[in-house]
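Okay, so here's the structure we're looking at.
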Amino acid sequence: MRILGSLGLGLMLLAPVLAPARAVAADYRVVLDQMAFGPVPPQAHVGDTIIWQNKDIFRHSATAQDGSFDVDLPAHSEARMTVTAAGTIVFYCKFHPDMTGQLVVMP
C-alpha cells in the first residue's frame, strides 16, 4: 500500500508539469476596410488582444451582440481590446448594421 500511495503522490506532483501550457497571449489584427470586417483569428483565446484597425473613411464600431465589448473606431484609427471570456461572440458595426462578424474564443 505504501508503494501505491507514493506512486499516486508522485503522479499528482507531475500532473502540472505534464499538462500543456499555453504560450504568451497573442495579438491579432482585424482590418475594417471597404465597409467590411476583414478575417478574424480562427481561434482566439482568453487573454489574447484583438487590434481593430479601421482603414475606411467612415467611422465604424466593433460591437458584440451580447454587450461584452463595444469598440469605437473613427476613420483611419485603431483600438486594442483584450478578450476576457470564452465563447462564440457575434459582433457588428453599430453605424452600419450590415457589417457583421463572429469571433470564436477558447479558454
Side-chain angles (χ1 to χ4, degrees):
M1 290 299 223
R2 193 178 251 179
I3 293 173
L4 288 177
S6 297
L7 181 60
L9 177 61
L11 288 175
M12 286 183 356
L13 293 174
L14 277 176
V17 175
L18 297 175
R22 182 146 191 280
V24 177
D27 289 348
Y28 297 101
R29 185 173 298 275
V30 177
V31 176
L32 292 76
D33 195 14
Q34 298 181 9
M35 299 293 288
F37 288 99
V40 297
Q43 196 174 67
H45 289 83
V46 172
D48 288 348
T49 298
I50 306 295
I51 302 164
W52 302 94
Q53 183 179 16
N54 182 2
K55 289 188 173 183
D56 242 334
I57 61 172
F58 304 105
R59 181 181 199 155
H60 292 299
S61 77
T63 305
Q65 278 186 346
D66 67 3
S68 59
F69 60 84
D70 185 12
V71 180
D72 187 46
L73 295 158
H76 303 289
S77 71
E78 68 179 40
R80 300 172 72 86
M81 175 196 88
T82 301
V83 181
T84 59
T88 299
I89 304 167
V90 176
F91 59 89
Y92 64 100
C93 172
K94 64 185 173 189
F95 304 109
H96 310 98
D98 289 341
M99 291 176 59
T100 62
Q102 180 174 294
L103 182 63
V104 176
V105 181
M106 304 304 292

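Quick note: numbers below take in every heavy atom, side chains included, and nothing from hydrogens, waters or symmetry partners. Each residue takes its place number in the sequence, starting with 1.
Between Phe91 and Phe69, the angle of the ring planes lies from 30° to 60°, which puts this pair in the tilted group.
In this structure, Asp56 contributes its side chain and Phe58 its backbone to no donor-acceptor pair below 3.5 Å.
Atoms NZ and CD, from Lys55 and Gln34 in turn, are 10.5 Å apart once rounded to the nearest 0.5 Å. Thr84 contributes atom OG1, which lies 11.5 Å from atom CG of Asp48 (distance to the nearest 0.5 angstrom). Note: His76 NE2 to Gln53 CD = 10.5 Å, rounded to the nearest 0.5 Å.
Residues Phe37 and Gly101 approach most closely at CD1-N, 4.5 Å, considering heavy atoms. Across all non-hydrogen atoms, the minimal contact from Ala86 to Pro107 is CB-N, 3.8 Å. Here the shortest heavy-atom pairing between Gly47 and Ala25 reads O-CB, 3.2 Å.
Scanning for side-chain contact (heavy atoms from CB on, under 4.5 Å) contacts around Gln65 gives Val90, Tyr92, with sequence neighbours left out.
Applying the side-chain contact (heavy atoms from CB on, under 4.5 Å) test between Ser61 and each of Asp70, Val71, Asn54 identifies Asp70 as the sole match.
When side chains are defined from C-beta on, Leu73 does not count as touching Cys93, because their heavy atoms never get closer than 4.5 Å. Looking at heavy atoms from C-beta onward, Pro41 lies in side-chain contact with Val30 at the 4.5 angstrom threshold. Looking only at side-chain heavy atoms (C-beta outward), Asp27 and Arg80 come within less than 4.5 Å of each other. The closest side-chain heavy-atom distance from Gln102 to Thr88 is below 4.5 Å.
Cluster annotation: Met81 and Val46 are assigned to the same hydrophobic cluster (Ile/Leu/Val/Met/Phe/Trp/Tyr, side-chain heavy-atom contacts under 4.5 Å, transitive).
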When you look at Trp52 and Leu32, which way does the side chain to side chain contact (heavy atoms under 4.5 Å, CB included) test go after all the steps?
CA-CA 7 Å; Trp52 302 94; Leu32 292 76; 4.2 Å; yes
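Electrostatic pairing of Asp72 and Arg59 counts as a salt bridge here, judged by a charged N lying under 4.0 Å from a carboxylate O.
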